[in-house]
**Q** 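Okay, here's the structure, questions in a sec.
Keep in mind that the numbers below use all heavy atoms, side chains included, and drop hydrogens, waters and symmetry copies.
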Amino acid sequence: KTAVKKVSRRRYVASLRSKVRALERRYEVSSDEMLWAVRKGYLKETREIGQWLQYHQIIGALAATNGTATKTTGGSTNGS
């Protein structure tokens, strides 16, 4: 069973933004540029890049909502 923990939206978004910034520095491209390159087929979507793009999309979705976000901890959603 997967544990579910309520965290503030602000804290969750800050955590995701930190991860996204680290990946942007590592790959030396913005999230939007990476998304474009993957969609156009210029880059393969590895597990790490897939997570990065998910974080980027979650940040955008949460920016459009108010309140708290539910963060799943433990377990895996991709079968690995």
**Q** Could you give the distance from CD (Q51) to OG1 (T46), rounded to the nearest 0.5 Å?
**A** 8.5 Å

**Q** What is the minimum heavy-atom distance between K44 and I49, and which atoms define it?
**A** O-CD1, 3.7 Å

**Q** Which heavy-atom pair separates L53 from S31 by the least distance, and what is that distance?
**A** CD2-O, 4.0 Å

**Q** Taking only distance into account, with no hydrogens and no angle test, what donor-acceptor pairs under 3.5 Å do side-chain atoms of residues 36-43 form with protein atoms, sequence neighbours excluded?
**A**
none

**Q** How many angstroms lie between CD in E24 and NE2 in H56, if you round to the nearest 0.5 Å?
**A** 7.5 Å

**Q** Give every residue pair that meets the salt bridge (Lys or Arg N to Asp or Glu O under 4.0 Å) criterion with at least one member in residues 26-36, sequence neighbours excluded.
**A** R26-E48

